[in-house]
Structure formats: C-alpha cells, structure tokens
Peer 1: 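Here's a structure for you.
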There are 2 protein chains.
Amino acid sequence: MQQSTEEKILAAAAKVFMEKGMAGARMQDIADEAGINKALLHYYFRSKEKLFDEIFKEVSGQLLPRLNQIIESDISLFDKIWAFCQEYISRMVENPYLPLFIVEETNKQQGAFLERHLGNKRLRLDKLAQQVQQEVARGTIKPIHPLELFLTIISMCAFPFLGKPLLQHMSGMNDDMFNAMMEARKSEVPKFIINAIKK
Amino acid sequence: MQQSTEEKILAAAAKVFMEKGMAGARMQDIADEAGINKALLHYYFRSKEKLFDEIFKEVSGQLLPRLNQIIESDISLFDKIWAFCQEYISRMVENPYLPLFIVEETNKQQGAFLERHLGNKRLRLDKLAQQVQQEVARGTIKPIHPLELFLTIISMCAFPFLGKPLLQHMSGMNDDMFNAMMEARKSEVPKFIINAIKK
DNA sequence: AATTTTGTTAACCAAATGGTTAAACACCGT
DNA sequence: ACGGTGTTTAACCATTTGGTTAACAAAATT
C-alpha cells in the first residue's frame, strides 16, 4: 500500500461522508473503512467537524474550478452549453454521490458554512450572462434571464443523479441502463436546451 | 389548541424530519417542537423508525396522487406539461423542504424502503408515454424518449428547491426573490420545454 | 547507541440518544 | 365517592458516539 495514513483517512472519510452525510456518518465507520483505529482519526483531524470540512473543501474544490474554467472561457454560448453539460455529467458519472452530498450539506449546514467554503471560489456567471445578453440582443436566441438559463442547465445535469433511486423504482432501470441514459444525456441535454432557446 | 396530541406529534415530526433528515433528527427535538414529553412520543409511535415511516407515508402520499392525477388525465400533452409544472412548483413553494427530504431519504434508506412506501402508488407514466409517442408519430414534436422528457420536466421543477442555498449564495438572491423566480418558472418551465420539443 | 519525535493502539470517559418504567393525572360512567 | 381507562410525566437504563489518555512501537535525530 503506497497510500499514507492521511490519504487513507481522507479517502475513507470522503466515501463515508458522501454515502451517509455529515449527520449519518460515524467516526468508527470512517476508521473501519480506513483500516485504522478510531483514535488515529482524531490524531490526524481533531474532530469530526474538522474532518468533514476538509472533505467538503476537497470535494467542492475539485469540481467548481473545472466548471468555472468552462463558464468563463472564450467559446461561443452554444459551445459553452455543450462543454458544460459534458463536463458536469462526466464528473458525476465518476462520482454519483457528489450531487446529493453537496445539495444535502449546503441545505443542512448553517449559513456561515457556505461562505467559509465557497466564499472565494464561487461560480462566476458574469461572462456567461454577458454572452446570453449579447445573443438575445443579436436575435439568435429568445429572451431569457441568464441565471434562469444557468439554473435550467444545472437542473437537467444534476437532478437525475439525485432522483436516481426514484427513477429506477419507477422505470425498473438498473445501474447500467441509468449510466447509458446519462451517457446519452451528455448530448441530449445541450441539444434540448439549445432547441428551447434558439430562434 | 384544537389539535390532538397525535396531530401535534405528526406536525412536529414532519417539521423536524424534513429539516434535519432521519439521521439528523432527534426524538427530543420532536418532543420539544410538539411541546410534550419524550416518553409520550414512544407512547404514540413506538420507535423513531415507525414515526419516520408514518411521516414519509403521509408526505409522499400527499404529493404523488395529485401528480398522478395530472399525468393520467385526458388533456393534451402540452396542457399536461403546463398543469404538471404548475402543480408541482406550487406544492413545493408551500413546502420547500419536501424535495430534499424525498431525495435524501430515497437515497439513504435501504432498498426495501421504496417498495414499502411507493410500491402501490408509484407514478404511472403509461398514458404520458403513449401521448408522447403519438405526438412524435404525428410529427408535432421532435423524437424524444418519454422517460427522458419526464425526467427533464421534473428536473427543472424540483432542482431549484434543492440547489436553493447554492443559488442564493451565487446570486445574492433573498427568499422573496427566490419565490418570485419560482412563481415565474411556473410558466417559464413549461414554455421552455415545449419550445424544446415542438417542431 | 541513546534519545527525542512521530505514529498507532487499547482502554477509557462523558455526553447524547433511543427507549422503558412506574407512578401520577384526567376523564368518564356508575 | 369509586374504579377503570387512556394520557402524561419524571426518572431511569443501555447503547452509541465523539473524543481523550496513557502506554507502546517505529522513525528520525543526536
């Protein structure tokens, strides 16, 4: 095992926190998952809260920069919608627990939490907003508020991972079928959105 | 107070479970919220799990039938999309914790859970699917898999409530602005979807 | 080689938590 | 007034849980 103890803990904590959430995760679960003693957890990370913060920072710090990079890039609006959906869905297929983890904790943790973790690296929508307004003015797309467009994009990309159990229950879909559907949605979603807004 | 003790408990439990989830909710919280002794909780509902089941049943049993009624009704596909979005968003504005509650618990609880609670009253998409296929055949809408369309509709309606804290953090939106936005989305979402699929 | 520092563990602790018990209370028909 | 029935409570219990301690092993430093 090349992994240092700290890395083992972080990997184990990420897994357990993402599966069970902050409230449902047990320090013992994390210790077991990491194959170490519970006391060693507290040796590396003083408290559950500190460890959780570390994981949340790591996890959100991994995703947001990549999305920001796309959102602020110089490509055309339609290309940007494509790139965003592709990247977002690809990341979530790799890590299907992520959307629920983020959504759950941003809803449950107290106000200061979001500021602490995302204060510096929040998504910058300025450029996207500018592009939308340009295209509206130019008459290539129907009038739409940039934030609404963004919300729609992220809704279509993220929600399927949140509603997966319900969806599977309703349709009898297994995991492979779900993944195949999400693979298809990497292009279906941007096509759908562009169809909806283009004149 | 006209409310019986059992009603007080159910109301308190619904509030606490929806705010904190099964794992995060404390029996003492529920007792406090109901203004009663903790032992009285166990007198009415033997265990936390039993109480939780009761709440989940009540909450999901309230929403699904109304949606089913719309989904299985005899109106046209486009009208159905309108009615569904209006109804869904209206219900969620009344009870903004509901989407997170359902999504969270369907993801966290074990497999049998969904079957126990939704086995009988799952959404029936047959009629909607039939309508979509008809419209596709008739050439009024672009080819789309009915389940994908349904997933898109529910994504656009539900996700904003899940991502609300993130959205507010990103855009500086307050609660009133958020509610105004969702009010607008009652018509923006169906318009968007119909724009995307109609030929 | 001796010693200090770092990593690791078993045993322990206090608080929190779900659940129980036995007694008190309130209401009701007799 | 009395007994019975369902309701409510304070006190209690066992287990779980986050966290600590003290002893021990393994490196690292001298």
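Chain letters run A, B, ... following the sequence lines, proteins first and then strands; every chain starts at 1. What you are looking at is a predicted structure, and each value in this text was computed from that prediction instead of being measured.
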Peer 1: Starting at CD1 of A/I30 and ending at C1' of D/dT17, how long is that distance when rounded to a whole Å?
Peer 2: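 Computing the A/I30:CD1 to D/dT17:C1' distance gives 12 Å.
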
Peer 1: May I have the distance from B/L40 (atom CG) to C/dA22 (atom C1'), rounded to whole angstrom?
Peer 2: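 One finds 15 Å between C1' of C/dA22 and CG of B/L40, rounded.
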
Peer 1: Tell me which nucleotide among C/dG18, D/dG19, D/dT9 gets nearest to the side chain of B/I36.
Peer 2: D/dT9

Peer 1: Nearest to the side chain of A/A39, which nucleotide is it out of D/dT21, C/dG19, C/dT20?
Peer 2: D/dT21

Peer 1: Relative to the 5' end of DNA chain D, which residue comes earlier, A/M22 or B/N37, by the nucleotide with the nearest heavy atom?
Peer 2: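 Mapping each residue to its closest nucleotide by heavy atoms, the 5'-most match is B/N37.
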
Peer 1: Let me know, please, whether A/K38 or B/G35 comes out on the 5' side of the other along DNA chain D by nearest nucleotide.
Peer 2: B/G35

Peer 1: In whole angstrom, give the distance that lies between atom CZ of B/F45 and atom C1' of D/dT7.
Peer 2: 14 Å

Peer 1: Could you tell me the separation between the CZ atom of B/F52 and the P atom of C/dG18, rounded to a whole number of Å?
Peer 2: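 Whole-Å distance recorded here is 14 Å.
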
Peer 1: Before we go on, tell me: are the rings of B/F101 and B/F56 under 6.0 Å apart, centre to centre?
Peer 2: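 Between B/F101 and B/F56, the centre distance is under 6.0 Å.
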
Peer 1: Whether the A/R185 and B/T152 side chains hold a donor-acceptor pair (N or O, under 3.5 Å, no angle test) is what I'd like checked.
Peer 2: yes

Peer 1: Give the ring-plane orientation class for B/F192 versus A/F192, where under 30° counts as parallel, over 60° as perpendicular and anything between as tilted.
Peer 2: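 The arrangement is tilted - the two ring planes meet at 30° to 60°.
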
Peer 1: Check the distance between C/dT9's C1' and A/D32's CG and give it to me in whole angstrom.
Peer 2: 14 Å

Peer 1: In terms of side-chain heavy atoms of A/Y43, which of D/dT21, D/dG19, C/dT6 is nearest?
Peer 2: C/dT6

Peer 1: For B/Y44 and D/dT7, give me the distance from atom OH to atom C1', rounded to whole Å.
Peer 2: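 Taking atom C1' of D/dT7 as the reference, OH of B/Y44 is at 6 Å.
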
Peer 1: Without decimals, in angstroms, what is the distance between B/K50 NZ and C/dG18 P?
Peer 2: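 Going from NZ in B/K50 over to P in C/dG18 covers 16 Å.
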
Peer 1: Tell me which nucleotide among C/dT8, C/dG18, D/dG19 gets nearest to the side chain of A/H42.
Peer 2: D/dG19

Peer 1: Any side-chain N or O of B/R26 below 4.0 angstrom from OP1/OP2 of C/dA16?
Peer 2: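 The answer is no; no side-chain N or O of B/R26 sits under 4.0 Å from OP1 or OP2.
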
Peer 1: Which is true for A/A31 with a 4.0 Å heavy-atom rule: it touches a base, it touches only sugar-phosphate, or it touches nothing?
Peer 2: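 The answer is nothing, as A/A31 stays clear of every strand by at least 4.0 Å.
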
Peer 1: According to the interplanar angle, ranging from 0 to 90°, do the rings of B/Y88 and B/F84 count as parallel (below 30°), tilted (30 to 60°) or perpendicular (above 60°)?
Peer 2: parallel

Peer 1: When you measure from the side-chain N and O atoms of A/T5 to the phosphate of C/dT8, is any distance below 4.0 Å, counting only OP1 and OP2?
Peer 2: yes

Peer 1: For the residue pair A/T140 and A/K198, confirm or rule out a side-chain donor-acceptor distance under 3.5 Å.
Peer 2: no

Peer 1: For B/L41 and D/dA10, give me the distance from atom CG to atom P, rounded to whole Å.
Peer 2: 14 Å

